[in-house]
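For ligands, and for the atoms within them, numbers begin at 1 and follow the listed sequence.
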Amino acid sequence: MNLSDKLVTAADLQRNVEESIQQSPVIDVHTHLYPASFKGLCLWGIDELVNYHYLVAELFRSSSVSPEEFWKLSKSRQADLIWEALFVRNTPLSEACAGVVTVMVKLGLDPCQPNLRQAREYFAGLTAEKYIERVFSLANVKEIVMTNDPFNPAERTMWERNAPCPENFHRALRMDPILNDWGKAHTAMSAAGFDTSGDVGARTVSEARRFLEMWIARLRPVYLAVSLPYTFTYPDHSPRTRLLRELVLPTCQQHGIPLALMIGVSRAVNPTLRDAGDSVGYADTGSVERICLENPEVRFLVSMLSRENQHALCVAARKFGNLLPFGCWWFLNNPSIVREITSERLEMLGATTVPQHSDARILDQLIYKWAHSRRTISSALYESYARLLAEGYPLTRAQIDQDVERMFSGNFRQWVGSAARFAS
Ligand code: FIX
Ligand code: ZN
């Protein structure tokens with residue numbers, strides 16, 4: 001190390017950390033985005049951005065409209081209602097509202113307009129293909145991982161038609177019905193010609209395996225994924241444990257593909273709000289430890305939804321080298337909580353985690369979710385380095401760049417290894 005490169009002052013350090021974080025492209029390891037070739041599944045533009053389910057949930061706190069009345073409206077009328085209630089009649093204070101403001105400002109649009117006319121005119125002049133390029137560059141995102149659900153008819157049709165998928169849109173095979181609603185899953189598999197039944201017997205497991213193999217060959221996923229309720233317990237006497245042990249984990253092991261577990265959701269606590277109606281619950285990290293212990297050959301990506309699970313997840317990751325904590329998921333994706341979780345992970349796990357994912361459902365969101373996260377991660381990282389600097393440790397910019405590259409792309413690339421072809 002050339003000591004002349006050594007950072008000396010706190011101001012030096014701050015500038016170098018912020019620069020390194022801004023300049024390091026990310027691999028966004030969990031999104032709900034689709035490429036332009038997937039037509040109506042590729043959501044972008046102001047009406048989609050304002051209709052984000054986070055904002056739908058907030059609308060009903062600032063408006064007397066009922067969910068029933070709201071869902072009867074067209075998408076643009078819904079967006080008008082949300083804009084009026086959250087951005088005109090109220091200050092857009094919440095993280096989800098501030099996110100829309102960030103996107104509009106970065107696109108040169110005025111977030112203080114009384115309506116969405118100006119913004120709609122701007123988006124009317126764009127194409128999805130062009131806009132994807134623009135958003136990836138504005139957000140400094142180089143690759144994303146999708147959420148691909150073979151049980152979603154609209155998406156399944158696109159894959160069956162061999163819709164082109166760019167290499168920087170990596171696939172993730174999502175299996176929620178298989179592990180959370182076997183009745184629905186085996187009915188769909190039977191309809192697709194697989195001899196599965198409600199009873200998880202040997203024949204059903206091998207037919208379900210044939211189903212998974214077909215989708216693995218079609219998608220070449222970087223990981224298999226499932227979101228699990230906060231009541232998830234491993235092992236137990238449910239079909240889920242049997243399907244994990246006899247179907248999913250052996251498939252992951254034999255293909256060398258990691259399994260992503262997103263744990264802690266309480267689905268549809270208020271069904272009238274649709275996607276906005278899900279909630280959170282405190283989950284059992286012991287189940288994560290047991291599944292990691294029982295499957296040393298499988299690499300696990302784990303994100304937990306409850307704030308109260310974050311510390312124990314860090315401790316579990318100190319015990320299991322096949323466990324990679326990732327992201328500040330959903331209700332955790334707020335600056336104060338991202339700050340807390342990032343600091344805790346740096347203190348307990350160094351630069352060995354994936355600090356964030358966007359969970360973007362609308363393309364434009366990459367712009368704000370990464371701008372906000374970079375800012376917050378930068379301040380947490382600065383604090384960790386400042387402690388070293390105070391001890392006189394000869395920190396260099398090259399070290400910072402290496403740590404940031406690891407957290408923003410290297411750790412994930414290494415974790416999914418051969419399962420993916422990454423851009424160099
Ligand atoms: O299960 C998931 O992947 C969740 O992220 C979604 O279901 C959720 O609706 C979401 O968009 C969170 O940001
Ligand atoms: Zn998600």
Review point. Where on Arg267 is there a heavy atom closer than 4.0 Å to ligand 1, on the side chain, on the backbone, on both, or on neither?
Key: side chain
Point to revise | Mode of His357 contact toward ligand 1 - side chain, backbone, both, neither (heavy atoms, under 4.0 Å) | key: neither
**Study point:** Flag side-chain contact, heavy atom, 4.5 Å: Phe300 against Leu324
**Key:** no
Donor-acceptor pair between [X] and [Y] side chains, under 3.5 angstrom:
X      : Y      : value
Ser190 : Thr196 : yes
Tyr34  : Asn148 : no
Thr251 : Arg209 : yes
Thr102 : His372 : yes

For ligand 1, which atoms have a heavy atom of [X] less than 4.0 angstrom away?
X      : answer
His30  : 3 (O), 5 (O)
His32  : 2 (C), 3 (O), 4 (C), 5 (O), 6 (C)
Tyr54  : 12 (C), 13 (O)
Ser227 : 1 (O)

Point to revise | Shortest protein heavy-atom distance from atom 4 (C) of ligand 1, along with the residue and atom involved | key: Trp329 NE1, 3.6 Å
Point to revise | Test log, rule side-chain hydrogen bond (donor to acceptor under 3.5 Å, both in side chains), inputs Ser343 and Arg339 | key: CA-CA 6 Å; Ser343 293; Arg339 183 77 168 67; 2.9 Å; yes
Review point. When only distance counts, is His53 in polar contact with ligand 1, meaning an N/O pair under 3.5 Å?
Key: yes
Review point. Under a 4.0 Å N-O cut-off, is there an ion pair linking Glu294 with Arg290?
Key: no
Point to revise | Vertex the Zn ion (ligand 2), rays to OD1 in Asp359 and NE2 in His30 - rounded to 10° | key: 90°
Check your understanding: Quick one: which of Arg361, Met262, Arg174 has a heavy atom closest to atom 11 (O) of ligand 1?
Key -> Arg361
